[in-house]
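In what follows, a structure is listed as structure tokens, so that the remarks can point back to it.
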Protein chains: 2
Amino acid sequence: MNKRLTIKDIARLSGVGKSTVSRVLNNESGVNERTRERVEAVMQEQGFSPSRSARAMRGQSDKVVAIIVTRLDSLSENLAVQTMLPVFYAEGYDPIMMESQFSPALIAEHLRMLRSRNIDGVVIFGFSGVTPEMLQPWQPSLVLVARDASGFASVCYDDEGAMQLLLQRLYDMGHRHISFLGVPDSDITTGLRRHQAYLDFCARHQLTPHVVQPGLTMVNSYENFTRTLTPDTTAVVCGTDTMALGAGKYLHQHPELRIQLASIGYTPLIAFLHPDLVGVSLGYAEAGRKAAVQLMGQITRQAELKQIVIPATLN
Amino acid sequence: MNKRLTIKDIARLSGVGKSTVSRVLNNESGVNERTRERVEAVMQEQGFSPSRSARAMRGQSDKVVAIIVTRLDSLSENLAVQTMLPVFYAEGYDPIMMESQFSPALIAEHLRMLRSRNIDGVVIFGFSGVTPEMLQPWQPSLVLVARDASGFASVCYDDEGAMQLLLQRLYDMGHRHISFLGVPDSDITTGLRRHQAYLDFCARHQLTPHVVQPGLTMVNSYENFTRTLTPDTTAVVCGTDTMALGAGKYLHQHPELRIQLASIGYTPLIAFLHPDLVGVSLGYAEAGRKAAVQLMGQITRQAELKQIVIPATLN
DNA sequence: CTGTTAGCGCCTTCAT
DNA sequence: ATGAAGGCGCTAACAG
């Protein structure tokens, strides 16, 4: 590892002082155009890049942000992270990743190590169990995704809107007996909110609700699918695409049942396996981008702590 | 943001000199036990943690490694990354993530920015297109996953072994006419190697091979499934679990075909949708852990550049 | 406009 | 066993 060159070297090589090099580096005004060009040329040809640690020490920030996902193999979160990375890199920030595994204790531990690590900001994918108290110290430099909490910046999905979109479409298709196969209410967003939106729609349109909330896995959904069926049922809305997969398997095995399936969450897999399922997309990519931009705003420009809602779209 | 305390503060608070605090911090020998305890107590109660940037500048490393995945939403890579993260954190290294999107150009660009960023090491998930030349500068502090290259440390899956395992099982079940539905040979590992292993097995057991390699997507596999069928065919091995999903959809739609499905790659989803598919696991979790340990070894202990192969296991 | 001079927080001789 | 002093690469006053 030959020693990297420093601004001092660049200064010497281009016959100027260190500070001038520093000014060029930071695009500061007040540098002779000729000098600037000369210095930049030298930096180019030497492939010079300033030491982050040194800059970090002088200023305050390491230019590092953390992204805490619930699980690395969560498809929806991945789609969001995918769009945040470029935003962070574009602003010169390094994103480090951590997994919370749905454990508040782990979140707390991670946040502790992040503080000692002098991180600039955090994006946290929320879940039932993260309390505002534990996030408090990070409030100014934190963006919550998929959950909201008063006083915190957040990017949320429009659960009500998504369910509304789905049901309206089914209604327009002529369905009047639509069952709900969802996640238990213990999960605020994927469970309670979607459940509630379903009930609301039914009330508004004088439909008789029929609800089953067996759990959140494919197996839960598969094994309890029959419970969603009344003699009149013509359509079933699933709370998540995972549940739709469970329901879909049942329907594949019972082709005689002519039930229209619908679900919140539309993945390539679902589209492939169940082409005529009615799905809404929650806008993960959009959410990721917005969250990253919001965090950058908070960190670099003291932007206000907005609570953003991503609109859902029918597929 | 109240300014963090420094070793100077700790020194003052515990009535010793900066250097003593530094020694305690680094567990250096030659410090009076009493003094050490006192200093440690103060650090504890003040919740002190040294500035990484300052240490980094003072010659040590930033303790940052990069993980370059092909795509964040690759399930197999996620499973591997999942096990590497804890290893890195345990050694005090921060893992930053990047996506190559199967683009050699992107890899090159990332590596360039990583060098300027003064990263300590890199894990790269390989794919056809990454050439040893572009990796050369990182050779001592690089671990390749899913590909190998002479002179580089790597952690690979046992494609031949996996295929062998699969075919042997089918053979033991009595199948003598087994078709291969795989990825094109342009992909060295998931395509060529598995294809070759299939041919080898057929030759050894005097079976007539029947090969179809339409592409790597579910749709490719679904639309070309019939081409795998000869009048005698009783089983089909799929090169990847993705292809198995395509084949599985076709079979679900044609229950009259009694074809035994098998595939390399065994996911919870496959297990759920096709319980009687014969699958082998490539050992992603194991691979991730090994890769991380190997990289740490190279960085902190100049460990030799081993080429590790993870054994496949039948499910 | 540009060079000089101080440090930032830490580690490392070198004295004590 | 411990403290004082110097310097890592950079930025931010302050002079010229």
Side-chain angles (χ1 to χ4, degrees), chain A residues 1-43 46-64 92 115-120 300, chain B residues 1-43 46-64 92 115-120 300:
Chain A
M1 215 55 118
N2 44 4
K3 44 171 58 167
R4 297 160 47 106
L5 355 72
T6 76
I7 51 170
K8 204 163 147 191
D9 300 314
I10 302 298
R12 187 170 35 72
L13 287 171
S14 43
V16 299
K18 295 192 306 175
S19 15
T20 303
V21 178
S22 175
R23 290 186 182 101
V24 172
L25 213 50
N26 302 340
N27 284 314
E28 273 174 37
S29 60
V31 179
N32 187 307
E33 202 46 48
R34 312 282 287 274
T35 327
R36 175 179 302 260
E37 279 169 16
R38 191 151 38 92
V39 174
E40 273 172 346
V42 175
M43 302 214 289
Q46 297 294 335
F48 167 81
S49 69
S51 148
R52 281 181 84 109
S53 6
R55 321 187 83 173
M57 237 191 58
R58 207 59 206 88
Q60 286 303 333
S61 134
D62 283 30
K63 300 255 251 177
V64 177
R115 188 153 35 82
S116 85
R117 171 79 185 68
N118 200 25
I119 290 290
D120 296 295
T300 67
Chain B
M1 213 57 117
N2 42 5
K3 44 171 58 165
R4 297 161 49 104
L5 351 73
T6 77
I7 52 169
K8 204 162 146 191
D9 300 314
I10 302 298
R12 189 169 33 74
L13 287 171
S14 43
V16 300
K18 296 190 305 175
S19 3
T20 304
V21 178
S22 176
R23 290 187 181 101
V24 172
L25 213 49
N26 302 346
N27 283 314
E28 274 174 37
S29 59
V31 178
N32 187 306
E33 202 44 49
R34 311 283 288 273
T35 327
R36 177 180 301 262
E37 278 170 17
R38 192 151 36 92
V39 173
E40 274 173 344
V42 175
M43 301 213 291
Q46 298 294 335
F48 168 80
S49 70
S51 147
R52 280 178 87 107
S53 7
R55 324 188 81 172
M57 224 187 57
R58 199 54 197 104
Q60 324 249 317
S61 87
D62 283 36
K63 302 250 253 176
V64 178
R115 189 153 34 82
S116 86
R117 170 80 184 67
N118 200 27
I119 290 289
D120 296 295
T300 66

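Chain A is the first sequence line, chain B the second, and so forth, proteins listed ahead of strands; every chain is numbered from 1.
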Once salt bridge (charged side-chain N to carboxylate O under 4.0 Å, His left out) is applied, do any residues pair with A:Arg117, and if so which ones, sequence neighbours excluded?
A:Asp62, B:Asp94
Report yes if a side-chain nitrogen or oxygen of B:Ser22 is closer than 4.0 Å to either non-bridging phosphate oxygen (OP1 or OP2) of C:dC11; otherwise report no.
yes
Between [N] atom [atom2] and [X] atom [atom1], what is the distance in whole Å?
X       : N      : atom1 : atom2 : result
A:Arg55 : C:dG9  : CZ    : P     : 18 Å
B:Leu5  : C:dG9  : CG    : P     : 10 Å
A:Arg58 : C:dC10 : CZ    : C1'   : 14 Å
B:Arg52 : C:dC8  : CZ    : C1'   : 18 Å
A:Asn26 : D:dT11 : CG    : P     : 5 Å
B:Asn27 : C:dC11 : CG    : P     : 12 Å
A:Asp62 : C:dC8  : CG    : C1'   : 13 Å
A:Leu25 : D:dT11 : CG    : C1'   : 10 Å

C:dG3 base to A:Arg23 side chain: any donor-acceptor pair below 3.5 Å?
yes
Per the under-4.0 Å heavy-atom filter, residues of residues 8-21 of chain A near DNA chain D come out as A:Lys18, A:Ser19
Keeping the roles fixed (side chain from B:Ser61, backbone from B:Lys63), state whether a donor-acceptor pair exists under 3.5 Å.
yes
Looking at B:Ile10, is its backbone amide N or carbonyl O close enough to the side chain of B:Ser14 to form a donor-acceptor pair, meaning the two atoms are under 3.5 Å apart?
yes
Judged by each residue's nearest nucleotide on DNA chain D, which is more toward the 5′ side, B:Gly30 or B:Ala54?
B:Gly30
Double-helix bend of the helix from C:dC1-D:dG16 to C:dT16-D:dA1, axes at both ends from 5 pairs, round to 10°, gives 40°
Output, in order, the C-alpha distance, side-chain angles, deciding distance and verdict of side-chain contact (heavy atoms from CB on, under 4.5 Å) for A:Val42 and A:Phe48.
CA-CA 8 Å; A:Val42 175; A:Phe48 167 81; over 6 Å; no
What's the shortest heavy-atom distance between B:Asp9 and B:Arg4, and which atoms?
OD2-O, 4.4 Å
Side chain to side chain contact (heavy atoms under 4.5 Å, CB included) involving B:Ser22 - partner list, sequence neighbours excluded
B:Asn26
Run B:Val21 and B:Lys8 through side-chain contact (heavy atoms from CB on, under 4.5 Å) and show every step you take.
CA-CA 8 Å; B:Val21 178; B:Lys8 204 162 146 191; over 6 Å; no
Can you pull out every salt bridge (Lys or Arg N to Asp or Glu O under 4.0 Å) where at least one residue sits in residues 17-37 of chain A? Sequence neighbours excluded, please.
none
Of the residues in residues 31-38 of chain A, which ones touch DNA chain C at a heavy-atom distance under 4.0 Å?
A:Val31, A:Asn32, A:Thr35
